[in-house]
There are 4 protein chains.
Amino acid sequence: MKFTQSSLVVGELATGQALSVPVFHMPAKDSAAAKVFIQANVHGAEVQGNAVIFQLMKQLEQMDVQGEVTLLPLANPLGINQKSGEFTLGRFDPITGVNWNREYLEHNIDIASWYQQHHHLSDQALIDAYRIQLIESCHAHLNSEWGVTTGKRLAVTLQSMAHAADIVIDLHTGPKSCKHMYCPEYDVESASFFSIPFTLVIPNDFGGAMDEAAFCPWWQLSEYARSQGHDLAVAVSAFTLELGSQERIDMDDALNDAQGILAYLSHRGVVAEKVTAAEMPRSACYLKDYKKFHAPAAGMVEYKAELGHMLYSGKPLANVLRLDRYGTDEEFIELTLQQNCVPILHFASASVYQGTELYKVMTNLFKL
Amino acid sequence: MKFTQSSLVVGELATGQALSVPVFHMPAKDSAAAKVFIQANVHGAEVQGNAVIFQLMKQLEQMDVQGEVTLLPLANPLGINQKSGEFTLGRFDPITGVNWNREYLEHNIDIASWYQQHHHLSDQALIDAYRIQLIESCHAHLNSEWGVTTGKRLAVTLQSMAHAADIVIDLHTGPKSCKHMYCPEYDVESASFFSIPFTLVIPNDFGGAMDEAAFCPWWQLSEYARSQGHDLAVAVSAFTLELGSQERIDMDDALNDAQGILAYLSHRGVVAEKVTAAEMPRSACYLKDYKKFHAPAAGMVEYKAELGHMLYSGKPLANVLRLDRYGTDEEFIELTLQQNCVPILHFASASVYQGTELYKVMTNLFKL
Amino acid sequence: MKFTQSSLVVGELATGQALSVPVFHMPAKDSAAAKVFIQANVHGAEVQGNAVIFQLMKQLEQMDVQGEVTLLPLANPLGINQKSGEFTLGRFDPITGVNWNREYLEHNIDIASWYQQHHHLSDQALIDAYRIQLIESCHAHLNSEWGVTTGKRLAVTLQSMAHAADIVIDLHTGPKSCKHMYCPEYDVESASFFSIPFTLVIPNDFGGAMDEAAFCPWWQLSEYARSQGHDLAVAVSAFTLELGSQERIDMDDALNDAQGILAYLSHRGVVAEKVTAAEMPRSACYLKDYKKFHAPAAGMVEYKAELGHMLYSGKPLANVLRLDRYGTDEEFIELTLQQNCVPILHFASASVYQGTELYKVMTNLFKL
Amino acid sequence: MKFTQSSLVVGELATGQALSVPVFHMPAKDSAAAKVFIQANVHGAEVQGNAVIFQLMKQLEQMDVQGEVTLLPLANPLGINQKSGEFTLGRFDPITGVNWNREYLEHNIDIASWYQQHHHLSDQALIDAYRIQLIESCHAHLNSEWGVTTGKRLAVTLQSMAHAADIVIDLHTGPKSCKHMYCPEYDVESASFFSIPFTLVIPNDFGGAMDEAAFCPWWQLSEYARSQGHDLAVAVSAFTLELGSQERIDMDDALNDAQGILAYLSHRGVVAEKVTAAEMPRSACYLKDYKKFHAPAAGMVEYKAELGHMLYSGKPLANVLRLDRYGTDEEFIELTLQQNCVPILHFASASVYQGTELYKVMTNLFKL
C-alpha cells in the first residue's frame with residue numbers, strides 16, 4: 001500500500017507564502033497496534049533523515065503494516081531553506097538565534113489534580129483522555145492571545161501531531177559525527193533494535209527537544225500513578241536518532257537505518273513481518289558523562305581522533321595550528337584528554353574561535 | 001582627572017587574534033565610596049551606550065569623583081564586528097545562536113551553609129568574603145577542565161569584574177525603541193534618577209542577564225540573613241538601561257543619559273557634586289505585564305503606534321500589507337490590541353514572518 | 001476594473017517549494033497604447049515599492065486605463081524571505097554573494113547583421129521583431145544546456161516579461177536615503193513627472209540592472225538605425241526609482257509616489273485621465289559625479305549631514321567615535337568633504353569597518 | 001635560517017581593532033634569484049594553504065634559500081573570522097557580497113605610451129621601472145580621495161606586496177574538490193612541477209583574481225614589446241593552487257603540496273637543492289572547457305561522481321531526492337551529463353536550490 005500525501009501548514013514567510021511540511025500517512029489495519037510518528041530535518045542541515053524516511057516508505061509499501069504510520073520529512077521548511085554561504089544555516093531561527101529543537105512545549109499539567117479527576121477510568125480510557133489533554137494544550141498554546149513565535153508555532157504544531165502517536169522518532173544528525181541515539185533511561189533496552197552503535201541514556205525529564213516533549217508527560221503520569229499504587233506503563237516511546245554527519249545524503253546508508261527502525265517497529269508489532277536487529281556491538285553512557293570539550297585556544301584545527309572509536313587518555317584528539325605563534329612552542333598545539341573516551345562528534349569547520357565546542361565525547365561507557 | 005586605559009582579553013578569533021575590550025579606570029579617592037562598573041554594547045548593534053560612556057568620561061574628568069569607576073564600552077568585540085549585510089548581527093553567537101546576554105553565571109552557592117560559616121563576621125567583612133566567593137566562582141568556571149564556550153568566557157570574564165563593584169549598569173538599546181530600563185523590585189525607587197521615562201520592575205531572581213547576575217546573589221544573601229534575624233541590606237545595585245534604538249549614535253542624547261547616570265551616582269555619593277535627576281513623568285510596570293505581541297500573519301508591516309505613548313484598546317498598532325491577498329479583505333490587515341498599553345519597542349524590519357515578535361508593550365502601568 | 005492575479009514561478013527552494021511572484025494584470029483597451037511593466041522588491045529589504053504598487057492598483061482600478069499594465073510586487077521571494085538577525089539580508093544571493101540586481105542578461109545581439117535582415121520592415125514590424133528576438137534570447141538563456149544560476153533564473157524570467165513592455169519601472173530604495181531615481185541620458189526629461197527630487201543621469205549602456213537591460217538593446221538599435229540614416233525612436237523607456245529608505249512601509253508616502261508614476265503614465269497616454277506632476281525643485285547629476293565616500297577609519301558613526309540637502313565644503317558630514325583612542329585627537333573624528341555636494345544616502349548601520357561605503361553624494365548638480 | 005615575522009595592517013574592524021596579516025620573511029642570499037610571494041586563505045574557509053605554508057617554512061628553514069621569500073598565511077582576517085553557523089562564511093564581504101578574490105586592481109596603464117618613455121632602458125631596468133609603476137599604482141589607488149572599500153584595501157595592499165615578487169602563488173581550495181590549479185596559457189609547462197594532477201589553462205587576461213593581477217601587466221608589457229620587435233620574456237609567474245576541499249587541515253597532505261611548491265622553486269633556482277616533481281599523470285583543459293553544471297531542480301543531493309576521475313557520458317553524476325514528489329517519477333532524479341568529463345569539485349551542501357552550482361567539470365582534457 002502506498003502512503004497518501006497531505007500538507008501541514010506551519011507558518012508563513014514574509015512574502016505571505018505558506019510554510020508547509022509534507023505529511024505521508026498510512027492508516028492502521030489494527031486500531032490496537034501502536035501508532036508511529038517519525039519526523040526528519042528539524043535542523044536544516046541534517047538532511048539524511050529524509051533519505052531514511054524515503055527508504056522506509058519504499059519498504060513499508062511492500063509490508064504488512066498493522067499500525068498507523070505518519071511520516072514528516074523536511075519538517076522545518078524555514079530551517080532547510082536558510083542558506084548562508086555554501087552551507088545550510090538551519091540550526092536556529094535566523095532572527096532570534098533560538099534552536100529549532102528547543103521550542104517544544106512543556107505542558108505543566110497539574111498531574112495530581114488531573115489524576116484525581118480521571119483515575120476512575122480504565123487504563124486505556126485514562127491514556128486516551130490524557131492524550132487529548134496534551135493535544136488540546138498544544139492547540140491552546142498556538143491560539144494564545146499574544147501569539148506565539150515562529151519557532152514555537154512550528155514546534156508545537158509538530159508536537160500536536162506527535163502526541164497522537166505511541167512511538168515518536170525524531171531523525172537528526174551531528175555535525176561531523178558517528179551514529180548515536182538518545183534514549184530515555186526507562187526505555188534503554190529499546191536502543192538495541194536500531195542500527196546504531198552508541199546510545200546516550202537521558203534522564204526522564206524535559207529539556208525542550210521533541211523526544212522529551214513526547215515521552216515526559218507520559219513518564220510523569222506513570223510515576224504519579226505508581227505513587228498512587230497504580231502500575232501504569234509509560235504509554236509513549238520516543239527516541240532521537242543521530243544518523244551520522246550533516247550535509248550528507250547516502251541512500252545505501254539510509255536503507256541500513258530504515259532497517260533498524262523497521263526492526264524496532266517489528267518488535268512493537270507495527271509491522272507483521274519479523275525484522276531482526278542488525279548485529280553490532282552497542283555501547284552507552286549517561287548524559288552526565290557525555291562531555292563537551294571546548295577549544296582551549298583558537299586556530300586551524302586538524303581533527304585526529306577517529307569518531308566512534310575508543311581514544312585512550314593522552315592520545316591525540318586534535319591539533320591546533322597557530323601560524324601567528326610561529327617559532328614558539330605554541331605554533332602547533334596537540335590536544336589530548338585526561339581520560340579514556342569515545343569521540344562521538346566534532347565541530348564542522350576546521351577553524352575555531354577559543355571556546356568553540358570542538359568535540360563531544362562519551363565517557364564511562366557500558367555495554368548495552 | 002583622566003581615566004587610564006587598559007585592555008581586557010575575552011577570547012581569541014580563529015586567526016589567533018585576541019579579542020579585547022578597552023577598560024577605562026579611575027581609582028577611588030574614598031575607599032568607602034561605592035564602586036561603579038558600567039559596560040556597553042554587549043549586543044553588537046546596541047552602540048549608543050558607547051557614546052554615553054564617552055560623555056560620562058568627559059563629565060567625570062571634570063568632577064570630584066569619590067568612588068572607583070570602571071567603564072567597559074565595546075564590551076563584546078565579537079558581536080560588534082559581526083556584520084551580516086548592512087547591519088550588525090550581534091545579538092547572538094553566530095555559531096550557536098546563544099544570546100550574548102544570557103550567558104552570565106548562576107553561582108548556585110549553598111547560601112545556608114556559606115552563611116553558617118561566615119555569619120560571625122562583621123557586615124563589611126561578610127560582604128567582602130561573599131564578594132571574593134563570587135569572583136572566585138567566576139574564575140573557577142573559566143578554568144573548568146572541559147573548557148567554556150566563547151560566550152561564557154566573554155560573559156563570565158565581564159561578570160568577574162562587575163562583581164568587584166557596588167553599582168553595576170549595563171547599557172543596551174531596543175531594536176526600534178523608546179528609552180526604558182530594567183530595575184529589580186527591591187530597588188525600584190532608584191529608577192527615578194535616570195533620564196528614562198519607563199521602568200520594567202523585574203523579580204529578584206536570575207534570568208541570565210548581567211544585571212541579574214550582579215544583584216541576585218546579594219539579594220539571596222540578604223534574604224537568607226533576614227530569615228536568620230539579621231538585617232543585611234542588599235549590597236549591590238544593578239540596572240539595565242535601554243537607551244532608545246539600536247544602530248544609532250547621537251552624541252547630544254548621549255549627554256542626556258550620561259547626566260541621568262550622574263544623577264544616580266551623585267545620589268549614591270560616587271561624585272561629590274550634587275546632580276539632580278531630570279524632571280519627567282516616569283511610569284513602570286511589572287515584568288509579567290510586559291507583553292510580547294507576535295505577528296498573527298506574515299507580510300509587509302507599517303508600524304503605526306507611537307512608541308512611549310499610551311495606545312488605547314482598539315486603536316491602530318500596525319498594518320500588515322498582503323499583496324498576495326489583493327482583492328480580499330486580508331489585503332490590508334489592521335492590527336489592534338484589546339487593552340490599553342504603552343508600546344515600548346517594535347521589530348526592526350518592515351517585513352515579518354508569522355510569529356515575529358512585532359511589539360513589546362507595557363500594560364497595567366503605574367506612576368513611579 | 002480590478003487587476004487579475006496570477007503567479008510566476010522563478011525558482012525552487014531546497015525543500016522543493018516553488019518560488020513564485022504574484023503578477024497583477026490589466027489588459028489593454030487600446031492595443032496601440034504603451035504597455036507598462038512595474039516590479040518591486042528585487043532587493044529583499046526594499047519593501048516600499050510594494051506599497052506603491054498597492055496604491056497604484058487602488059488608483060488604476062478607478063481610472064480609464066488604455067494600455068496593458070503588468071505589476072510584480074514582491075519580485076524576489078528568495079531575497080525577501082532571507083532574514084539574518086532582525087533585518088532582511090536580501091541584497092545578494094546568500095550562497096554566492098551576487099547582487100540580485102546585477103543578473104539581468106546582456107543579449108550581445110549582432111545588431112548590424114540583425115538590422116540587415118530586418119530593415120525592410122516597417123518601424124512597427126521592426127520593433128515587434130526585435131522584441132521577439134529579445135524575449136527569445138531570454139528563453140534560450142534560461143534553457144541553456146548547463147543550466148543557469150538561481151539569480152540568473154530569477155532575473156532573466158523577470159526580464160523576459162519586462163521586454164514585452166514599452167515602459168519598465170523598477171522600484172527600489174536606498175539604505176537610509178532620500179528619494180532619487182536613475183534615468184538614461186536620452187530620456188532625461190521624463191524624470192520631471194515622478195515625485196522625486198533627485199535624478200541620476202546614467203549612460204545609455206548596460207551595467208547589469210533591470211532598467212539598463214530594458215532600454216539598452218533599444219537604444220543600441222536606434223543608434224545603429226541612425227547610423228544607417230534611419231531615424232528610429234528608442235522604443236522602450238526604463239527607470240529605477242529609489243523610494244527613500246529600506247525596511248520602511250509608509251502607505252501615505254506610497255500614495256505620493258503612485259501619483260508620480262500616474263503622472264508619467266498619463267503623459268504617455270497609458271491612462272486617459274490627465275494627472276499632473278507634483279511641483280518640486282528637481283536636480284540631477286551625471287553618474288560619474290555620483291561619488292561614494294568610504295569610511296577612512298572604522299568606528300561608531302554619528303551621521304550628521306541631512307539627506308537631500310546641500311552640504312557645503314568643509315561642513316560636517318559625519319562623526320566617528322573611537323573610544324579605543326580616548327585621550328588622543330582621534331577619539332572623535334569629524335568627517336568633511338572638500339567640495340559641495342548633496343548627500344543622497346548613507347550606510348544603514350551606526351558602526352563601520354574601515355572602507356565601508358558611508359555616503360553616496362551628488363556633485364556638480366544641475367536643475368532639471 | 002628561521003623566517004622573521006612582522007605584521008601587515010589591512011584594515012580596521014568596527015571596534016577599531018586593526019586587521020592584520022602575519023608576514024614571514026626570509027631575505028635573499030642572491031639578489032639575482034627570483035623573489036617569491038605566497039599567500040593563503042583569502043577565502044575564509046580555504047584553510048589548508050596555511051598548513052602548506054607552515055610545512056614550507058619547516059622545509060625552507062633547513063634549505064639553502066637563494067631568493068627572497070615572503071609568506072602570508074591567514075591573508076584575510078575578516079574572511080577567516082566570519083562564521084555563520086558552524087562554517088566559515090568567508091567567500092565574500094558579508095556587507096556587500098563582493099567576492100574577496102575579485103577585488104585586485106586592474107592598472108589600466110597606457111602601455112604604448114609607458115613603453116615609449118622607457119624602451120631605451122636595459123631589460124632589467126625596464127622591468128624594475130615597470131614594477132615600481134605597478135606598486136605606485138596600488139598605493140595611489142589606496143590613497144584615493146573618496147577612499148576605497150574594505151575588500152579593495154585588503155586586496156590592493158596584498159597586491160602591492162605581490163608586485164615586488166617574480167613568483168606569486170595564491171593558495172586556495174575548492175568547496176568539495178580534488179586538487180587542481182590555474183595556470184596562464186603562456187606558462188603551462190610550469191604546471192608539471194606542482195603535486196597537482198589537474199590544470200586549468202587560463203587566458204592571459206585580467207579577471208580580478210590575484211594570479212591574474214600578478215602576471216597580466218607583465219604579459220601585456222611583453223606582448224607590446226614584441227609588437228615593437230623587442231623580445232621581452234614575461235617577468236612574473238603566477239599560479240593559483242586549489243589544494244582540495246575547504247574546511248580541512250591535513251598536515252601530511254600539506255607536506256605533499258609544500259614539496260610540489262619546492263619542486264617548482266628548485267626549478268626556478270630559488271632553492272639551491274634539487275627537488276624533483278612528484279610523478280603523477282597530469283591533465284589539463286582550457287578555461288572555456290571548464291563547465292559549471294547548475295542544479296536543474298531543487299532538492300536533497302546525493303553526490304555520486306568521484307572527483308578527479310573520468311565520468312563517461314550518461315553515467316550518474318548525482319541524484320536529487322524530492323520527497324514532495326513521492327509517488328511520481330520525479331521522486332528521485334538521476335542526473336547525468338551528455339559528454340565525458342572529469343568532475344573537479346561539487347557544492348558543499350547536500351541540499352540545493354534550483355540553479356545552485358552543483359559541479360564544475362573539465363571537458364576536452366589533454367595530457368600535460
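Being a predicted model, the structure only gives us computed values, none of them experimental. Chain letters run A, B, ... following the sequence lines, proteins first and then strands; every chain starts at 1.
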Measure the shortest side-chain to side-chain distance between [X] and [Y] over non-hydrogen atoms and say whether it is less than 4.5 angstrom.
| X | Y | result |
| --- | --- | --- |
| M300(C) | I80(B) | yes |
| L89(B) | E86(C) | no |
| L323(C) | L74(B) | yes |

Exercise for review: Of all the heavy-atom pairs spanning V47(C) and A350(B), show the shortest one and how long it is.
Suggested key: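 Between these two residues, the closest heavy atoms are CG2-CB, 4.0 Å.
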Heavy-atom pair count under 4.5 Å with chain B, highest-scoring of [options]:
| options | value |
| --- | --- |
| Q246(C), K2(C), R248(C), M251(C) | M251(C) |
| F347(C), F92(C), Y303(C) | F347(C) |
| P22(C), G85(C), A348(C) | A348(C) |
| Q48(C), K58(C), K304(C) | K58(C) |
| T88(C), N50(C), T356(C), N41(C) | N50(C) |

Check your understanding: For chain C, which residues from residues 324-331 of chain B lie under 4.5 Å away (heavy-atom distances)?
Key -> D324(B), Y326(B), G327(B), E331(B)
Exercise for review: Identify which part of F3(C) has an atom lying under 4.5 Å from any heavy atom of chain B, answering side chain, backbone, both or neither.
Suggested key: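 Contact with chain B is through both the backbone and side chain of F3(C).
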Please flag which part of [X] lies under 4.5 Å from any non-hydrogen atom of chain C: side chain, backbone, both or neither.
| X | answer |
| --- | --- |
| E61(B) | side chain |
| A45(B) | neither |
| N319(B) | neither |
| Y353(B) | side chain |

Review point. Can you check whether S351(B)'s main-chain N or O pairs, donor with acceptor, with K83(C)'s side chain at less than 3.5 Å?
Key: yes
